[in-house]
Amino acid sequence: MMDANEREVYRAAIHGDREAFEMIIRTHSRPLFAIAYGILQNREEAEDAVQDALVKAWKSRWRVRDPEKFPAWLCMIARHRARDVFRKRRPIPKDLEEHAPSCPTHPVEDTTLELDQQLQTALATLPEVHRAALSLRYFEEMDYAAIENRLGLSNGSLRGILGRALARMRKQLKPALASEQP
Amino acid sequence: MTIHDEIDELLAADLHNELSDEERNALHTHLVECADCRQAHQETKAMNKVLEEKFGNEKPDLAFENRMLDGFRNRIPDHAGSSGRLLFNLLHSRATQLAGVAALLLALVQVGRIITGEHLLGGRGESLALELSVAPMEARDKEADFAKSDALRAKKTSYGYGPLKTAQDSGVAAPAPPATVTGGIARPEVAPEFHEEKPAPKMATKERVVVTGSDIPTSEEVAQNPVDTYRRDDTESTATTSPALANRKLIRNATVDLEIVSFDQAVQKITAFANEEKGYVATTSSEKQENGKLKGEIVVKVLPENLDRFLQKIRGLGELKNQTLGTEDITKNYFDTEARLKNARVMEQRLIDMLKKKSDDINDLLQVEKELGRVREEIEKMQGDLKFWDSQVQFATVTISLAEKDLEEAAKYLLKERAQLALYTPEVEKVYNDLKALASPKVQITNAQLDRDNTGRVSARVSMLIAPEESDGVIAKAKAMGRVENFQVQTERVAQGGEAMSENANTKRDKVELNITISRDEQEQAFQQTTLRIRTSGVDEKAKKLRELVEKQGGRLRNSSFSRDPEGREYANVSLRVPMKSYNALMQSLDSLGKVENVSVQRQDRTGGQIDEANAPADLSIQVYSQGNIVSSDTGVIATLRRTIGQSAAAIMWSLRMIGVGIAFLAPWIAAIVILVWIVRRIRRR
């Protein structure tokens with residue numbers, strides 16, 4: 001439950017209070033950026049996506065009927081925007097995502113790559129929600145409940161998502177990690 | 001689920017500080033035991049670290065929020081004022097949005113209607129949409145009505161005031177009576193009128209006095225008159241009641257009707273009674289009837305004082321049918337005549353004296369003689385009258401009518417036969433001529449007529465009188481000439497020589513009267529009527545087959561029709577006539593045509609007469625129809641549903657059309673306005 005003050009801000013923003021909306025921009029831009037970055041893995045693009053999302057949110061703010069859902073709604077707009085940008089940039093063939101788990105079968109080649117590069121690749125193989133959840137966690141250090149709220153997930157499902165994401169990552173990056181950690 | 005299975009989640013949550021104390025303890029206990037999980041724990045920790053580093057590097061800088069704000073402000077300039085917000089708030093309400101949409105649709109519909117000039121004349125399907133649009137119109141009409149009625153009321157009131165005003169005006173213009181009323185001189189002003197009128201009443205009273213004065217004596221006279229008449233009456237009544245009964249001359253007579261067993265015996269007894277009562281039998285007469293019975297009349301004279309006793313006696317002779325007793329008072333005539341007789345006698349004496357005295361002039365003598373003759377004649381006549389009266393008064397006359405019992409019994413009977421024969425034949429004229437040819441000395445044609453009306457229908461009537469011995473043969477011949485529809489014989493026994501019943505009277509057969517009506521058999525009413533339906537396929541063909549069947553059974557087709565309705569069902573109506581003898585065979589053969597349904601048979605019972613049942617016509621009206629929906633497709637749940645859906649679809653289509661028209665009408669303007677606004681904005685931005 002959010003406190004009454006916060007709720008009032010959202011309500012005012014929905015009803016066209018520009019100051020309230022700017023306040024929301026101040027407090028919510030970073031999580032939005034985290035989500036966009038999780039999806040896009042690119043700072044500039046993520047910033048633009050957040051900017052677009054904010055403008056769009058202002059224009060269509062009247063669509064939100066329940067002020068409590070305003071943050072989640074903002075995140076959804078940001079996600080959609082980021083996804084649009086991502087698709088425009090590089091249409092990923094669907095099988096790439098499916099074949100992603102097969103990547104660890106070629107660890108020998110991967111070891112030659114830089115850790116950062118590998119990390120990037122591993123992240124890219126994750127589903128969109130996983131990436132968004134990871135970035136929210138590691139950028140903003142938000143607790144699980146808040147992340148669930150933002151991403152519109154059901155209660156308690158984030159633990160599984162993050163667990164699986166981390167496990168997959170560590171399995172993919174096992175050689176690199178091993179080399180890094182003596 | 002064990003910890004080992006969930007190790008990935010638990011490890012991640014542990015690193016993110018999202019485990020409860022219990023879970024953490026359980027996890028660490030497991031990590032001590034399980035080498036695999038320990039390995040995983042190590043790896044995950046390393047992974048977490050890598051990720052923290054990576055994201056830490058990529059974190060947005062401190063100016064990030066400001067950049068976002070600036071970008072936002074640039075892209076959404078803050079010029080929408082508070083009025084925009086109010087508008088937004090209004091727009092934000094869902095009710096407003098719904099109402100707006102509805103209003104828009106309605107407006108479009110109205111615009112469409114205005115453009116197309118469509119009115120309420122549309123079909124049922126339009127009612128739904130129309131009701132919506134009609135409601136406001138009605139309201140408007142009502143308002144208009146109200147306005148009208150208000151106007152009317154206003155007019156009325158003004159009209160109401162009109163006369164009042166004029167009245168007041170005229171009142172003011174006229175020499176004002178109200179003023180005089182209020183003034184003190186009111187009474188004197190009213191009084192003069194009375195003074196003027198007074199003389200008239202006075203005169204009236206005077207006149208009245210005069211009239212009453214003249215009336216009083218007459219009324220007194222009237223009052224006196226009744227007294228006078230009473231007195232007169234009194235004198236008269238005393239005069240009439242005074243003469244003594246003894247001197248009265250009364251003639252008594254009686255009539256008696258008697259029914260007796262034997263006439264002769266009765267006459268003997270009556271003679272004996274008459275002698276007993278010092279009377280005599282004056283006359284007897286008797287008459288013998290055809291049936292041998294006697295009736296007659298006896299006149300008996302008896303002394304008046306014995307009359308009652310005599311009547312008592314003769315009553316015992318037989319059954320008294322009638323008795324009258326009458327008295328005639330001849331007192332006045334009698335004494336008048338007596339007085340005149342006295343005068344005439346005096347006259348006679350004088351004339352005789354004249355004859356004795358004067359005997360010189362023969363002329364005078366003759367005159368006197370003549371006069372004397374006339375007077376004597378008168379005297380004789382009067383003496384005769386008196387004698388007659390005396391005799392009448394002396395004896396009472398009893399007239400006895402005697403009739404033997406069963407006087408009315410019939411002497412013989414005549415048997416009259418009257419026969420009615422109705423014939424149906426295809427050839428009316430031939431039968432008519434054949435019947436006429438039957439004429440012979442014993443068969444007498446009394447009436448024969450052939451009628452032909454303007455529609456070509458022929459009918460004939462023949463009446464004949466037939467000698468009794470020939471009658472049966474002739475009737476049989478006539479019957480054979482056509483189909484007998486009706487034959488009735490009426491027998492009448494006519495009594496002759498008396499009305500009453502008789503046992504021994506004989507009966508004689510009279511000529512037979514035969515009336516024959518001949519008509520064409522088409523006009524004959526069917527003996528029975530049958531209606532039925534045959535359900536089959538191939539109506540036309542089956543109808544043809546039906547016609548063949550009918551001809552085979554010796555029937556005749558009277559009427560047939562064929563029709564096909566819009567739904568493709570076919571009907572053939574055939575009406576035909578067959579003789580009754582082949583009716584059953586035909587009915588059975590109908591089964592071969594299809595399913596026979598709704599058979600209804602109506603038989604008309606003919607009253608009386610003999611009916612040739614085997615040859616009597618039977619009418620059949622048959623409807624051959626093709627299989628299909630017997631129940632009308634217009635009824636039923638599905639039909640109703642279909643209709644309803646159809647109507648609502650039509651309504652929707654109608655409103656869509658109207659909306660379309662509205663859009664077409666408004667769209668160019670809206671587009672123009674939008675473009676204009678856009679251009680203005682562009683110009684302003686620059």
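In what follows, chains are A, B, ... by sequence order, proteins preceding strands, each numbered from 1.
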- [ ] Heavy atoms only, distances under 4.5 angstrom: which of B:P60, B:G71, B:G56 has the most pairs with chain A? Name it, please.
- [x] B:P60
Nearest 0.5 Å, what's the [atom1]-[atom2] distance between [X] and [Y]?
X: B:E43; Y: A:M169; atom1: CD; atom2: CE; answer: 13.0 Å
X: B:L51; Y: A:L134; atom1: CG; atom2: CG; answer: 6.0 Å
X: A:F139; Y: B:K54; atom1: CZ; atom2: NZ; answer: 8.0 Å
X: A:S157; Y: B:E9; atom1: OG; atom2: CD; answer: 10.0 Å

Contact winner vs chain B - [options], heavy-atom pairs under 4.5 Å:
options: A:E141, A:H28, A:E47; value: A:E47
options: A:R137, A:K59, A:Q120; value: A:R137
options: A:A145, A:S29, A:A165; value: A:S29
options: A:L119, A:L162, A:L123; value: A:L119

Are side-chain heavy atoms of [X] and [Y] found at a separation under 4.5 Å?
X: A:F33; Y: B:K59; answer: no
X: B:H16; Y: A:L158; answer: no
X: B:I76; Y: A:L54; answer: no

Contacting region of [X] [heavy-atom separation from chain B under 4.5 Å]:
X: A:R43; result: side chain
X: A:T27; result: neither
X: A:L32; result: neither

Open item on the list: In terms of relative ring orientation, are B:F72 and A:F21 parallel, tilted or perpendicular, with 30° and 60° separating the classes?
Closed with: tilted
- [ ] Compare every heavy atom of A:R170 with every heavy atom of B:D8, then report the nearest pair and how far apart it is.
- [x] OD1-NH2, 2.6 Å
Task: Residue pair B:E65 / A:I25: nearest heavy atoms and the distance that separates them - done: CG-O, 4.4 Å
TODO: State whether the side chain of B:E18 and the backbone N or O of A:R159 hold a donor-acceptor pair below 3.5 Å, judged by distance alone.
DONE: no
TODO: Taking B:R67 for its side chain and A:Q51 for its backbone only, find out whether a donor-acceptor pair lies under 3.5 Å.
DONE: no
Task: Side chain / backbone / both / neither for B:D61 at chain A, heavy atoms under 4.5 Å - done: both
Task: Which atoms of B:N66 approach chain A - backbone, side chain, both or neither, heavy atom under 4.5 Å - done: side chain
Task: Over 12 non-hydrogen atoms of neighbours within 6.0 angstrom of CD in B:Q39 - done: yes
- [ ] May I ask you to check whether over 12 heavy atoms, not counting those of A:M76, lie within 6.0 Å of atom CE?
- [x] yes
